[in-house]
Amino acid sequence: QVQLVESGGGLVQPGGSLTLACVTSGIWTSLYNMAWYRQDPGKERQLVARIMTNGSVTYNDAVKGRFTISRDNARDTVILQMNSLKFEDTARYYCNAQHKWPDSGEYWGQGTQVTVSS
């Protein structure tokens, strides 16, 4: 029973901040590259940020300098700290876990909605 449960989404004003959390269960989080994706209806799902098992991070250029991804394997948790939010950050944000061994497992959460609006 693998579960990735996101939380922390909501309505925020431009320039505001939100912290998204992804709590996993049923997997050894330390073996998984973790990522946040986002998607608006009718658009392609895009990578927001990824943190590898070795701690290496990758960010979408659109969020560099504003978002920070981190992980706490002991808590089975991945965090996305979002600052200086913009209208274009509005999307449903999904947590993704991909086993560090290719083709060895990938899981998705149900997502949490982030809406940036004035």
Side-chain angles (χ1 to χ4, degrees):
Q1 293 184 328
V2 176
Q3 292 188 65
L4 279 64
V5 180
E6 303 97 333
S7 63
L11 177 65
V12 65
Q13 294 183 346
S17 298
L18 285 174
T19 301
L20 306 185
C22 172
V23 179
T24 71
S25 61
I27 63 171
W28 291 97
T29 308
S30 62
L31 298 179
Y32 287 78
N33 300 320
M34 304 297 299
W36 288 95
Y37 288 77
R38 66 187 182 187
Q39 186 174 31
D40 276 332
K43 297 182 179 180
E44 292 289 323
R45 185 173 298 187
Q46 65 176 184
L47 175 69
V48 178
R50 175 180 285 123
I51 182 165
M52 310 296 283
T53 57
N54 65 4
S56 178
V57 299
T58 300
Y59 294 99
N60 186 311
D61 286 342
V63 307
K64 285 182 178 178
R66 300 187 297 118
F67 291 11
T68 302
I69 188 170
S70 61
R71 64 191 298 164
D72 185 344
N73 293 334
R75 295 181 177 181
D76 300 314
T77 300
V78 181
I79 299 295
L80 184 68
Q81 177 65 49
M82 305 186 295
N83 299 320
S84 302
L85 285 161
K86 304 175 179 179
F87 292 119
E88 52 264 43
D89 294 319
T90 296
R92 192 165 184 85
Y93 285 70
Y94 296 88
C95 183
N96 169 265
Q98 183 170 262
H99 200 283
K100 67 178 183 179
W101 296 349
D103 303 318
S104 294
E106 185 174 17
Y107 303 96
W108 293 89
Q110 295 299 305
T112 184
Q113 180 68 36
V114 172
T115 301
V116 184
S117 177
S118 60

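On a predicted model such as this, the values are computed, not experimentally measured, just so you know.
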Review point. Is there any disulfide bond (SG atoms under 2.5 Å apart) pair reaching into residues 12-95, and which pairs are they, with sequence neighbours excluded?
Key: C22-C95
Review point. Which heavy atom in S84 sits nearest to a heavy atom in S17, and how many Å separate them?
Key: N-OG, 4.3 Å
**Study point:** Residue pairs fulfilling disulfide bond (SG atoms under 2.5 Å apart) with at least one residue in residues 56-88, sequence neighbours excluded
**Key:** none
Check your understanding: Which pairs with one or both residues in residues 71-82 pass salt bridge (charged side-chain N to carboxylate O under 4.0 Å, His left out), sequence neighbours excluded?
Key -> D72-R75
Validation: residues 49-58 side-chain donor-acceptor distances under 3.5 Å, sequence neighbours left out:
unit_1: R50; atom_1: NH2; unit_2: Y37; atom_2: OH; d: 2.6
unit_1: N54; atom_1: OD1; unit_2: S56; atom_2: N; d: 3.0

Point to revise | Worked verdict on M34 versus T24 for side-chain contact (heavy atoms from CB on, under 4.5 Å) | key: CA-CA 10 Å; M34 304 297 299; T24 71; 3.8 Å; yes
Check your understanding: When you look at W108 and R45, which way does the side-chain contact (heavy atoms from CB on, under 4.5 Å) test go after all the steps?
Key -> CA-CA 12 Å; W108 293 89; R45 185 173 298 187; 3.1 Å; yes
Practice item. Mind checking side-chain contact (heavy atoms from CB on, under 4.5 Å) for T115 and listing every partner two or more places apart, or none if nothing turns up? Key: L11, T90, Q113, S117
Check your understanding: Do you know which two heavy atoms are closest between Y59 and F67, and how far apart they sit?
Key -> CE2-O, 3.3 Å
**Study point:** Considering all heavy atoms, the nearest Y93-A91 contact
**Key:** CD1-O, 3.3 Å
Revision key, fill the gap. D89 meets the salt bridge (charged side-chain N to carboxylate O under 4.0 Å, His left out) criterion, sequence neighbours left out, with R38, R66
Check your understanding: What pairs of residues pass the disulfide bond (SG atoms under 2.5 Å apart) test when at least one of them lies in residues 34-79, not counting sequence neighbours?
Key -> none
Exercise for review: Determine, stepwise, if the pair Q81 / N83 fulfils side-chain hydrogen bond (donor to acceptor under 3.5 Å, both in side chains).
Suggested key: CA-CA 7 Å; Q81 177 65 49; N83 299 320; 3.0 Å; yes
**Study point:** side-chain contact (heavy atoms from CB on, under 4.5 Å) involving V12 - partner list, sequence neighbours excluded
**Key:** L18, L85, V116
Check your understanding: Same cluster or not: are L80 and V23 linked, directly or through other Ile, Leu, Val, Met, Phe, Trp or Tyr residues, by side-chain heavy atoms under 4.5 angstrom apart?
Key -> no
Study note, to complete from the structure: Nearest heavy-atom contact between A35 and L47 is CB-CD1, 3.8 Å
Review point. With distance as the sole criterion, is a donor-acceptor pair present between the side chains of Q13 and S118 under 3.5 Å?
Key: no
Review point. What are the two closest heavy atoms between Y32 and W28, and how far apart are they?
Key: CD1-O, 3.0 Å
Practice item. Could you list all the salt bridge (charged side-chain N to carboxylate O under 4.0 Å, His left out) pairs where at least one residue sits in residues 98-118, not counting sequence neighbours? Key: none
Practice item. Give every residue pair that meets the salt bridge (charged side-chain N to carboxylate O under 4.0 Å, His left out) criterion with at least one member in residues 51-65, sequence neighbours excluded. Key: D61-K64
Review point. Is a side-chain donor or acceptor of R92 paired with a backbone partner of Q110 at a separation under 3.5 angstrom?
Key: yes
Check your understanding: Taking only residues two or more places apart in sequence or in another chain, which ones pass side-chain contact (heavy atoms from CB on, under 4.5 Å) with Q3?
Key -> V5, S25
Exercise for review: Could you work out the complete set of other residues in the hydrophobic cluster of I79, with links drawn between I, L, V, M, F, W and Y side chains under 4.5 Å apart?
Suggested key: none
Check your understanding: Going through the distances and angles, do E6 and L20 end up as a side-chain contact (heavy atoms from CB on, under 4.5 Å)?
Key -> CA-CA 7 Å; E6 303 97 333; L20 306 185; over 6 Å; no
Point to revise | Within one Ile-Leu-Val-Met-Phe-Trp-Tyr cluster: M82 and Y94, side-chain cutoff 4.5 Å | key: no
